[in-house]
Amino acid sequence: ANDALSDMMYVGTGDGLVSYTSVVPTGTNNLIHNDDNDGIIGEWTLYPSLQSVSDVVCAPNMTYGLANGNLMSVNMQTNEVRSYDKSDGLSGSNICHLQYDDSTKQTILIYTNGMIDMIRYNTIYPVADLYMKSADVEVVPNQAFVHSGRMYLAMPFGIVEINLVKREIVGTYYIGDEAAAVNVLSVTATDDSIYAMTDKYLYSIAKTGYAIDYRQWNKTPWSVGENR
């Protein structure tokens, strides 16, 4: 994750969260300082207390990361490291995906039970739309992608589109033949199109199209391991 305002880059590693800055303190070198304490040498800072960090996102003044399914943060002004749980107002503890939408200034947590929390300026907005479907479909996304106020979830049955301003599901797309469920491995979007990948096909549709209609999705065959 990159924070352009503070000229910092954050990377999750097995040893902990690592930050990088091109602004080098006077009299230091450019090596990672890897001892028992969090500290900075040259351009790198290691936070060993945040081990096994996966997803990392940057919000205003805060960097968030997932450490073994739990939400952690680093205050970019004070360097304070903290963790969060239900006592802080979160909807759960098993977080599977972490996203940030710059257009709505929201940090987004997706839980393994389908609950979604959207955090904006320290206020948590729980969204239960996907969770309410858990009795009928698998609600753990394979992947999540945020673009311009919308979040697209690659689901085991298709695609779910969420309006991040209204904080609600605005579309559920079954894109297989005859509107069959297909396991969507990943999804992405541009200003004018949505793309989805399964193990056999690359699907695409213009945002001006009617995504609920499976016949409007373009389908291009491909295979795992194929050179492209």
Side-chain angles (χ1 to χ4, degrees), residues 1-23 25 32-128 130-131 140-141 143-153 162 164-165 167:
N2 293 285
D3 180 48
L5 294 178
S6 61
D7 193 29
M8 298 288 287
M9 177 180 71
Y10 295 84
V11 180
T13 73
D15 293 325
L17 181 67
V18 176
S19 66
Y20 168 83
T21 178
S22 60
V23 179
I32 291 181
H33 182 50
N34 188 5
D35 59 14
D36 293 334
N37 300 310
D38 294 346
I40 185 166
I41 291 294
E43 297 173 326
W44 297 91
T45 303
L46 174 67
Y47 302 90
S49 57
L50 299 183
Q51 295 186 0
S52 301
V53 175
S54 52
D55 297 1
V56 179
V57 300
C58 289
N61 300 320
M62 299 289 287
T63 294
Y64 294 97
L66 288 188
N68 298 314
N70 297 302
L71 182 65
M72 315 291 289
S73 72
V74 177
N75 186 306
M76 290 184 283
Q77 294 181 330
T78 66
N79 251 16
E80 177 190 6
V81 177
R82 63 162 298 187
S83 61
Y84 303 81
D85 55 31
K86 285 187 175 181
S87 66
D88 298 295
L90 299 186
S91 294
S93 56
N94 296 317
I95 305 169
C96 57
H97 296 287
L98 174 66
Q99 293 286 310
Y100 179 76
D101 178 50
D102 188 60
S103 64
T104 60
K105 308 300 180 187
Q106 292 184 119
T107 301
I108 304 158
L109 316 178
I110 306 171
Y111 299 86
T112 55
N113 65 356
M115 279 298 299
I116 297 173
D117 281 340
M118 301 184 186
I119 306 174
R120 187 173 190 270
Y121 299 124
N122 297 321
T123 299
I124 301 173
Y125 301 90
V127 179
L130 187 60
Y131 170 79
V140 181
Q143 180 248 354
F145 182 80
V146 168
H147 183 265
S148 299
R150 297 293 174 107
M151 181 166 65
Y152 303 88
L153 302 179
I162 296 176
L164 298 178
V165 176
R167 303 188 181 98

Colleague: Go through the steps for Leu98 and Thr107 under the test side-chain contact (heavy atoms from CB on, under 4.5 Å), then give the verdict.
Modeller: CA-CA 7 Å; Leu98 174 66; Thr107 301; 3.7 Å; yes
Colleague: Closest approach of Gly149 and Ser103, non-hydrogen atoms and distance?
Modeller: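 Closest approach of Gly149 to Ser103, heavy atoms only: N-OG, 3.0 Å.
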Colleague: Is a side-chain N or O of Arg82 found less than 3.5 angstrom from the main chain of Met72, in a donor-acceptor match?
Modeller: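 Absent.
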Colleague: Testing the basics here: between Cys96 and Thr112, what is the closest heavy-atom pair and its distance to 0.1 Å?
Modeller: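 Scanning both residues, the minimum pair turns out to be CB-CG2, 3.9 Å.
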Colleague: With a 4.5 Å heavy-atom cut-off, do Cys58 and Tyr100 have their side chains touching?
Modeller: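 SC-SC contact between Cys58 and Tyr100 ruled out.
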Colleague: Please report the C-alpha distance between Ile162 and Met118 in whole Å, then the side-chain angles of each, then the deciding distance to 0.1 Å, and finally whether the side-chain contact (heavy atoms from CB on, under 4.5 Å) criterion is met.
Modeller: CA-CA 12 Å; Ile162 296 176; Met118 301 184 186; 3.9 Å; yes
Colleague: Is there a donor-acceptor pair under 3.5 Å between the side chain of Thr104 and the backbone N or O of Val165?
Modeller: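 No, because the side chain of Thr104 does not come within donor-acceptor range (under 3.5 Å) of the backbone of Val165.
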Colleague: Rounded at 0.5 Å granularity, tell me how far OH in Tyr111 sits from CG in Leu90.
Modeller: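 Rounded to the nearest 0.5 Å, the OH-CG separation comes out at 4.0 Å.
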Colleague: Calculate, to the nearest 0.5 Å, the distance between atoms OG1 and CD belonging to Thr78 and Glu80 respectively.
Modeller: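 The OG1 atom of Thr78 sits 5.0 Å away from the CD atom of Glu80.
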Colleague: So, His97 side chain and Leu109 main chain: donor-acceptor pair closer than 3.5 Å or not?
Modeller: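 No, His97 side chain to Leu109 backbone: no donor-acceptor pair under 3.5 Å.
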Colleague: Rounded to the nearest 0.5 Å, what separation is found between the CG atom of Asn94 and the CG atom of Leu66?
Modeller: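 The CG atom of Leu66 is 11.0 Å from CG of Asn94, to the nearest 0.5 Å.
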Colleague: Report yes if some heavy atom in the side chain of Ser93 is under 4.5 Å from a heavy atom in the side chain of Lys86; otherwise report no.
Modeller: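 Answer no - side chains too far apart.
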Colleague: Quick one: are Val56 and Thr63 in side-chain contact, heavy atoms under 4.5 Å?
Modeller: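 When only atoms from C-beta onward are counted, Thr63 and Val56 do touch, with a gap below 4.5 Å.
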Colleague: Any side-chain heavy atom of Ile110 sitting closer than 4.5 Å to one from Leu153?
Modeller: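 They are in contact (side-chain heavy atoms under 4.5 Å apart), so the answer is yes.
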Colleague: Which atoms form the tightest heavy-atom contact between Leu130 and Gly114, and what is the distance?
Modeller: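 It is CB-O, 3.4 Å.
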Colleague: For a quick test of reading the model, state the closest non-hydrogen atom pair linking Pro60 to Met76 and the distance between them.
Modeller: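 Residues Pro60 and Met76, closest heavy atoms: C-CE, 4.5 Å.
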Colleague: Drop me the distance from Tyr125's OH to Leu164's CG, to the nearest 0.5 angstrom.
Modeller: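 Going from the OH atom of Tyr125 to the CG atom of Leu164 covers 13.0 Å.
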Colleague: If you define the side chain from C-beta out and look only at heavy atoms, does anything of Tyr121 sit under 4.5 Å from Lys105?
Modeller: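 When only atoms from C-beta onward are counted, Lys105 and Tyr121 do touch, with a gap below 4.5 Å.
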Colleague: Does the side chain of Met62 come within less than 4.5 Å of Gln77's, by heavy atoms?
Modeller: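 A side-chain contact is absent here, since even the closest heavy-atom pair is not under 4.5 Å.
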Colleague: Looking only at atom types and distance, does a side-chain atom of Asp117 sit under 3.5 Å from a main-chain N or O of Ser91, one as donor and one as acceptor?
Modeller: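 Indeed, once roles are kept as given, a pair shorter than 3.5 Å links the two residues.
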Colleague: Measure the spacing between CD of Gln106 and CD of Gln99 and express it to the nearest 0.5 Å.
Modeller: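 One finds 12.5 Å between CD of Gln106 and CD of Gln99.
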Colleague: Quick one: OG on Ser83 to CG on Leu71, what's the gap to the nearest 0.5 Å?
Modeller: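 Spacing of OG (Ser83) from CG (Leu71) equals 8.5 Å.
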